[in-house]
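Values in this document were obtained by computation on a predicted structure and should not be read as measured data. Below, chain A is the first sequence line, B the second, and so on; all start at residue 1.
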Amino acid sequence: MTGSTPRGETAPARSYKKTLNLPKTGFPMKANLVQNEPASLKRWAKAGLYAALRDKAKGKPRFTFHDGPPYANGSIHLGHLMNKCLKDFVVRSKGMMGFDVPFVPGWDCHGLPIEHKVMTGLHDSGKAAKLADLEPSAAKMAIRRECKKYAEKYVKLQSGQMKRLLTLADYDDPYLTMHTSYEGAVLEVLAGLVGKGLVFRALKPVHWSIENETALADAELEYEDREDISVFVEFEAEDAAAVYAAFGLGEERKEGETGKMPVPRGDGERPSQTPSFMIWTTTPWTLPANLAIAVHEKFTYALVRIDGSVTVLAEELVEAVTKAAGSEDVEVLATTAGDRLVGLRYRHPFIDEPPKPHGEPDADTSKCYTVVSADYVTLEDGTGLVHTAPGHGVEDYQTGLRVGLPVYCPVRGDGTYNHTVPEWLRDMSVWEANEKVTQRLRESGHLFHDNRFTHSYPHDWRSKTPVIFRCTEQWFVGVDTPMGEGKTLREMALEAVQESPGVPRLSEPSSEKHCDDSVRRTEVPGKINFVPEWGRNRMRGMLESRPDWCISRQRSWGLPIPAFVQADGSAFLTEASVRAVARLFREEGSDAWFTKEPAELLKYYNPDDDPAAPKGLDLSLLKKGGDILDVWFESGSSWNAVMRERLGDDAFPVELYLEGSDQHRGWFQLSLLPSLGVMGRPPYRTLLTHGFMVDKDGRKLSKSAGHTIENLFERYGADVLRWWVCSLAYDNDVKVDDEFFALAGESYRKVRNTLRFLLSNLYDFTAGEHCVDLKSLDPKSLDAWVLAEFDHVSAEVKKAYDGYFFRRAHGLLYGFCNDTLSSVYLAAVKDRMYCDRPDSPRRRQTQTVMWDLADGLCRLLAPVLCHTADEAYRALRGVGKDDPACVHLEEFLPEFGVEADAGWAKVMEARDAGLLALEKAKAEMGLDNPLDAGLVFPDPDGVLAGFDPLDLADLCGVSRASVDAGASEVAVQDLRDEPRCERSRKRDGTVRERSDGGMLSDRDAAAVGV
RNA sequence: GGGCCUAUAGCUCAGUUGGCUAGAGCGCACCCCUGAUAAGGGUGAGGUCACAGGUUCAAGUCCUGUUAGGCCCA
C-alpha cells in the first residue's frame, strides 16, 4: 500500500473532521471492575471513609439501623450478598439524604455448628481423646479456645468478602456475640427477664446419648437402620360399659344427637368380655412411662372380636394388624368416630397407680391412663391408637402439656430405670428392658403380637450408639407468664404486631400518587411497621402458636447461664445474681465461668442487698450450673448490647431491622420478646423482609450451585452484583442464574456509557470558568427541559430510596440514562456539541447542563454503583490519583428548580409522531438517512411554533423542521436534492460554497471562520 | 399436615378502591448511523393474566377449590 487516496477516489476538497469538537475522555468504556474496585476500596480506606462520614454527620439527625448478625461459619453466599447489598443501599442512601447513619456490622459467634465443626476437627486430628483426660471444665475451656479461633477466622473471611462487596460499615470495630462486653449486655437482658419472673426451669424431652450422657442437638444425630422389637399391646379398658356405649352397643340412642354416629353391626348385642385398646410401639422400654393413649378425632375406629377377645383399633388397619398376627377369627362388632373414644379410661398392663414423677410429688395424675386426641396420629403404621409417654417423645410431651399430664421420665442419664418403676425393672438398662417388657406382656396376656422390625433410628454421631428421648430439666422464658401489670409476653407481642386503624400501610408506590410522604413515616409508639405488609400476619401466626422459649443448651461453646445449684439441689438465679455475673463477664469474659469458683463468680453479689435471695443462702456451698444460653437469646439481645450500649439510649428503639423472611421466627421474634420483657416495647419500628434465592426454575437453591462469592467478584465485579440486587423484587423469592448477572452487566454498561458520554463532552469545559447561569435558561430550551426532567427523576429516586423501593430507583435511573439522556437529549445536542464554535453560548450552556447532570447522576447512583459513581465523580472533576475527592462524602443534589415550558409535552408527542413518519418515509420513499429529510409538524394550537425549529429538528435527527398550523399530520420533506453541509452533514437550506471552496451551512461556516 | 406468600409476553416485573384495545425493560426481528464505535438511534412482532368453579352489568383484580413453587413449623 502506498500513502495515496484509497480506491482512487478523489480526495474531498477539505476534511472538516478536525474542526469538530468530538468527544474525548479518559473514562474508559470498559469498566474493568475486577481490578479497579479494589483500588477504590484502598483509597476509601486510606481516607477513613466510614469515620470521615461519622465526623461529617455530627449534629445531623440520626437514622438508626441495626445489622442482624450472620453466623461466623463459611463463606458468604448469595443470600448474604442480597442481604448485605440491601442494607448498604439503606445506609448509603439515608446518609446521602442528610442523616447520620452509624452502622455496626455483627457476627453470631457462639453455638453448635461451630462447636460441631471444631469437635469433628479434633476428632480427625486425634486430639479429642486427650480431652477425655481433662477435668470437665478444662476440657470445655480447650474446646472453647478452638471454637473462638474458628469463629475469628470466619469473621475475618466474611468481613473481607463484605468489604469487597463495597459495603460501608464500621468494619474496624464490629460487634461479636463472643465479646466480653456483649456477653455482659446479654446477661443484663437475662437479668431483666429474671426480675420480671419470666425465667423458670422445667422438664422437656430431648435426644439423649446414653453413651455420653448428654443431650444432643439435631445436627449431632446420624440416622442408621436398627432392628427393634415392635409390639402390639392390649390395654384393658377400665369401664367396659363406657366403651361399648361409645360404639353404640347396649344403649338407647339419644334423640337429637348429631355428628358421626356409632354404627353397630350384626345383632348389636354387647359382648361379655372387657374390651381393650390396642397400641403399637417399637420402644417397649417406654411403656413404663405410658400415661395416655392418643387417637385421631376424625378417624373411624372399630370394635373387633379377634379370636375371642374384644379390642379397639382403627377400622382401616384391622385387616393389616390381624393378618400380621395370623388371627383366624376376626369380626367387626361396631365402628365409631375417634372423638367418641376421647376420655375413656384404661388400666396400665403392669402398673397399678399412675406414678408420681420424681421432683413433682404433687403432680396431678388424674388425667393419666385416659384416651386423648392428637392430630399427629396416622394410619400408616400401628393401630391408629398411639402409646403416649410425655417423658419420652416431643409429640407425647406436647400432648401431655395440652391435656394436663405430668412429665414422667423413669430413665436415668445412664439409660437405666430409677426406683419409680416396678421392682422387676429397676436399675435395668432400657435396651435390656425391651426384651423383659415384651416377655412380661406376653405372660400377662397383654401382648397381641410382636415381631422384629428394621427402621431408621437416630444415633449419636460421635459414639455411633442409638439415642433415646428423655426428659431433662431446661430453662425457659415463659411467654404466657403474666408480668407486673398483668400482661404476658405473648399478649404484648401480639399487641405490638397488631395493625391499628390509624397506621397507613406501607406499600410500594406503583405510581407517583402513592409515593406521597403522607403514606409513610407514621409512628404509633409500640406498633411495628411491616414491609411488606404480609409480614404482620406471618409473625402474628407464629406468635400465637409459639411455645415457651427453651433458652438452655448443654454445650460448651456459648454464654453460660449463670445459674447455681444449691446444697438442696434447687437452682439459684436472681436478677441481682445475674447482674453480678454480668459485671464479671464484662471484665473477664465468660471463660471465667469455667475457671473460677462460684464464690469468685459472685464477687459482685451481696445476698443482703438482694431481696430475692433464698433464705440461708451459703455462697460457699453453691455449685455451677452446666447450661449455656440458646444463641438466639444472644443475638436477640443485640438491641441492648449494640444499639443501647454503643450508640446510646436514643438509638432505641431502632428504626429498621432488615433480614430474610425466615427471621420472623428467628431474630425478629427473638429480639422482640426480650425487649418487650425488659423495655416494655419492641426494639424496632419497622421490619423489612426479603425473600430467598431460588434457581432459574423457582426451586430451592442447591448448595452445590457453585456460585462462590469470589467467583462472582471475579466475573462481574461488585458494582454489577450490586446493580443486580438493586433491580430485584426482593420482597418475594429471587431467581438467580448466571444469565441474570450477565444481563445486569449489560444494563450497567448502558448507564456507564451514558456517564462516559457526558464526561467526554466536557473535555474542554472547566466548571468554574465556563459555567452559564442556569437561572436565565429559556423554559423553551432543550436544556431547561432536561433539567426539569432530572429534577423530577431525582425527587422520585430519593423517595424510592427513602421507602426502600430500590427496584423503583433502579428503573428510574436506568430509564433516565437510557431514554431521557441517551436517546433524546444527548442525541439531540450532539450537533451543537460537535459543530458549534467551542465557546459558543449555546454549546457552553449545554455543557453546563451536562456537567450538572453528570454530577447529580453520580450522586443518585452512588448508593448502588459505589465504585463507578465515585470513578465518574472524580473524572468529572479531573482530580488526580491521590486527591481525596469522593462522591460518598456528598449528599444528593437539591433540585435545580429550573422551569420548563408546559409545551414540552406536546413537543415530545410531536417527536414520536415525527419518528414514526420517518419510518414510513424510509419504507415508502427509500429515505433511509434522517438527515436527508425535513419534517413539517401540524400545530393546530400553535404550541410548537413557540419552540426553536432547530431543537425540533435535532430531536428527530433531521436536517430541519417547521410547523404548519393547518396540517393534520406530519409531512416528510425529501431534501436529497439540496446541498449537504460537508461539516455537519445537514441540509438545512443555508448550505453553499464558501471561501475555502467547501459546501457549508451558515453555522458551520461561522464556526470554521470562512 | 398447618401458617404466611407467589403464579400476568421467551425472561424479569408493573397493573391502585373491580371499569377504555392488559403496560414497561430485557431479549428477539427488521432497519438507520459509522463523528459515543466491542458504542449510538428508530420501528415492530410477542399475552387463553397457572387451572376449575363462583359473585357481578363488568374480574388479571373479589370469593372457593385445585395444581406448582418458596419460607417457617409439625
Enquirer: Please state the P separation for the pair B/G25 and B/G42 - nearest whole angstrom.
Expert: 11 Å

Enquirer: Can you tell me which nucleotide in B/U43, B/G35, B/G41 comes closest to the side chain of A/Leu22?
Expert: B/G35

Enquirer: Look at all strands and tell whether A/Leu931 reaches a base, only sugar-phosphate, or nothing, counting heavy atoms closer than 4.0 Å.
Expert: nothing

Enquirer: Using purine N1 to pyrimidine N3 plus N6-O4 or O6-N4 for Watson-Crick, or N1-O2 and O6-N3 for G-U wobble, both under 3.5 Å, which nucleotide pairs with B/G35?
Expert: none

Enquirer: Tell which nucleotide pairs with B/A29, taking only Watson-Crick or G-U wobble pairs whose two distances are both under 3.5 angstrom.
Expert: B/U43

Enquirer: For B/U6 and B/U17, measure between their C1' atoms and round to the nearest Å.
Expert: 23 Å

Enquirer: Answer with yes or no whether A/Thr25 presents, from its side chain, a donor or acceptor under 3.5 Å of a partner atom in the base of B/A36.
Expert: no

Enquirer: Would you say a side-chain N or O of A/Lys700 is under 4.0 Å from OP1 or OP2 of B/C71?
Expert: yes

Enquirer: Both distances below 3.5 Å, Watson-Crick or wobble geometry, any strand: find the nucleotide opposite B/C49.
Expert: none

Enquirer: Nearest to the side chain of A/Trp534 - B/C5, B/G35, B/G40?
Expert: B/C5

Enquirer: Whole angstroms only, please: what is the CZ-P distance between A/Arg665 and B/C72?
Expert: 10 Å

Enquirer: Determine the Euclidean distance between corresponding P atoms of B/C26 and B/G70; express it in Å to zero decimal places.
Expert: 31 Å

Enquirer: If you pin A/Asn929 and A/Asn732 to their nearest nucleotides in RNA chain B, which one's is more 5'?
Expert: A/Asn732

Enquirer: Rounding to an integer number of Å, can you tell me how far A/Arg808 CZ sits from B/G25 P?
Expert: 15 Å

Enquirer: By nearest atom, which of the nucleotides B/G35, B/C13, B/G41 is closest to the A/Cys835 side chain?
Expert: B/G35

Enquirer: To the side chain of A/Arg985, which of B/G35, B/C5, B/A74 is closest?
Expert: B/G35

Enquirer: For A/Asp928 and A/Asp912, find the nucleotide of RNA chain B closest to each by heavy atoms; which residue's nucleotide sits nearer the 5' end?
Expert: A/Asp928

Enquirer: Below 4.0 angstrom from OP1 or OP2 of B/A36, is there any side-chain N or O of A/Lys830?
Expert: yes

Enquirer: Does any non-hydrogen side-chain atom of A/Arg843 lie less than 4.5 Å from one of A/Asp764?
Expert: yes

Enquirer: Where the side chain of A/Pro930 is concerned, which of B/C32, B/G35, B/U43 is the nearest nucleotide?
Expert: B/C32

Enquirer: In terms of relative ring orientation, are A/His80 and A/His77 parallel, tilted or perpendicular, with 30° and 60° separating the classes?
Expert: tilted

Enquirer: Can a side chain N or O of A/Arg911 be found less than 4.0 Å away from OP1 or OP2 on B/G42?
Expert: yes

Enquirer: For A/Asn818, answer base if it contacts any base atom (sugar-phosphate contacts may also be present), sugar-phosphate if it contacts only those atoms, and nothing otherwise; contact means non-hydrogen atoms under 4.0 Å.
Expert: sugar-phosphate

Enquirer: Starting from C1' on B/G69, measure out to CE on A/Met693 and report it in whole angstrom.
Expert: 17 Å

Enquirer: Watson-Crick or G-U wobble partner for B/U17, using a 3.5 Å limit on both distances?
Expert: none

Enquirer: Separation of A/Glu919 atom CD from B/C33 atom P, in whole Å?
Expert: 12 Å

Enquirer: Using the C1' atom in both, what is the distance from B/U48 to B/A9, to the nearest Å?
Expert: 13 Å

Enquirer: Write down the distance separating the C1' atoms in B/C49 and B/G23, rounded off to the nearest Å.
Expert: 13 Å

Enquirer: Taking only side-chain N and O atoms of A/Ser661, does any of them lie within less than 4.0 angstrom of OP1 or OP2 on B/C5?
Expert: no

Enquirer: Under a 3.5 Å cut-off for both contacts, is B/A7 paired Watson-Crick or G-U wobble with anything, and if yes, with which nucleotide?
Expert: B/U67

Enquirer: Nearest-Å distance, CG (A/Leu812) to P (B/G25)?
Expert: 14 Å

Enquirer: Does the side chain of A/Ser822 get closer than 4.0 angstrom to OP1 or OP2 of B/G41 through an N or O atom?
Expert: yes

Enquirer: With ring centroids as reference points, do A/Trp723 and A/Tyr748 lie under 6.0 angstrom apart?
Expert: no

Enquirer: Does the structure show a Watson-Crick or G-U wobble partner for B/C62, both distances under 3.5 Å? Name it, or say none.
Expert: B/G54

Enquirer: Angle class for the A/Phe757/A/Tyr834 ring planes (parallel below 30°, perpendicular above 60°, tilted otherwise)?
Expert: perpendicular

Enquirer: May I have the distance from A/Phe757 (atom CZ) to B/G40 (atom P), rounded to whole angstrom?
Expert: 11 Å

Enquirer: Where the side chain of A/Tyr814 is defined as all heavy atoms beyond and including C-beta, which of B/G70, B/U12, B/C26 is the nearest nucleotide?
Expert: B/C26

Enquirer: Evaluate the ring planes of A/Tyr730 and A/Phe806, with Trp represented by its six-membered ring, and classify them as parallel (under 30°), tilted (30 to 60°) or perpendicular (over 60°).
Expert: tilted

Enquirer: What's the closest nucleotide to the side chain of A/Ala729 if the choices are B/C4, B/A14, B/A36?
Expert: B/A14

Enquirer: From C-beta outward on A/Lys750, which listed nucleotide comes closest to its side chain: B/C4, B/U43, B/G40?
Expert: B/G40

Enquirer: For B/A24, what is the paired nucleotide under Watson-Crick or G-U wobble rules, both distances under 3.5 Å?
Expert: B/U12

Enquirer: Answer yes or no: does atom CD of A/Glu544 have more than 12 heavy-atom neighbours from other residues, nucleotides or ligands under 6.0 Å?
Expert: yes

Enquirer: Using the C1' atoms only, state how far B/G60 lies from B/U21, rounded to an integer number of Å.
Expert: 15 Å

Enquirer: Rounded to whole angstroms, how far apart are CE on A/Met29 and C1' on B/G40?
Expert: 9 Å

Enquirer: Which of these nucleotides, B/C71, B/C11, B/G40, is closest to any side-chain atom of A/Phe740?
Expert: B/C11

Enquirer: If pairing requires Watson-Crick or G-U wobble contacts with both distances under 3.5 Å, which nucleotide is the partner of B/G1?
Expert: B/C73

Enquirer: Using atom P in both nucleotides, what's the gap between B/U64 and B/G3 to the nearest angstrom?
Expert: 12 Å

Enquirer: Select one nucleotide: of B/G35, B/G40, B/G25, the one nearest the side-chain heavy atoms of A/Tyr834.
Expert: B/G35

Enquirer: Is it the case that the base of B/C71 and the side chain of A/Arg538 share a donor-acceptor contact (distance under 3.5 Å, atom types as modelled)?
Expert: yes

Enquirer: Reckon A/Leu743 touches a base, only the sugar-phosphate, or nothing at all at heavy-atom distances under 4.0 Å?
Expert: sugar-phosphate

Enquirer: Are any of the side-chain nitrogens in A/Glu533 or A/Arg538 under 4.0 Å away from the carboxylate oxygens of its partner?
Expert: no

Enquirer: Distance between the P atoms of B/A29 and B/G53, in whole angstroms?
Expert: 39 Å

Enquirer: Could you tell me the separation between the CG atom of A/Asp695 and the P atom of B/G70, rounded to a whole number of Å?
Expert: 9 Å

Enquirer: For B/U12, take OP1 and OP2 only and decide whether either is under 4.0 Å from a side-chain N or O of A/Lys735.
Expert: yes

Enquirer: Quick one: does A/Gln847's side chain have a donor or acceptor within less than 3.5 Å of a partner on A/Asn761's backbone?
Expert: yes

Enquirer: Regarding A/Lys696 and A/Asp738, does a basic nitrogen lie under 4.0 Å from an acidic carboxylate oxygen?
Expert: no

Enquirer: Whether A/Asp988 and A/Arg1003 form a salt bridge (side-chain N of Lys/Arg under 4.0 Å from carboxylate O of Asp/Glu) is what I want to check.
Expert: no

Enquirer: Is the glycosidic torsion of B/G46 within 90° of 0, making it syn, or is it anti?
Expert: syn

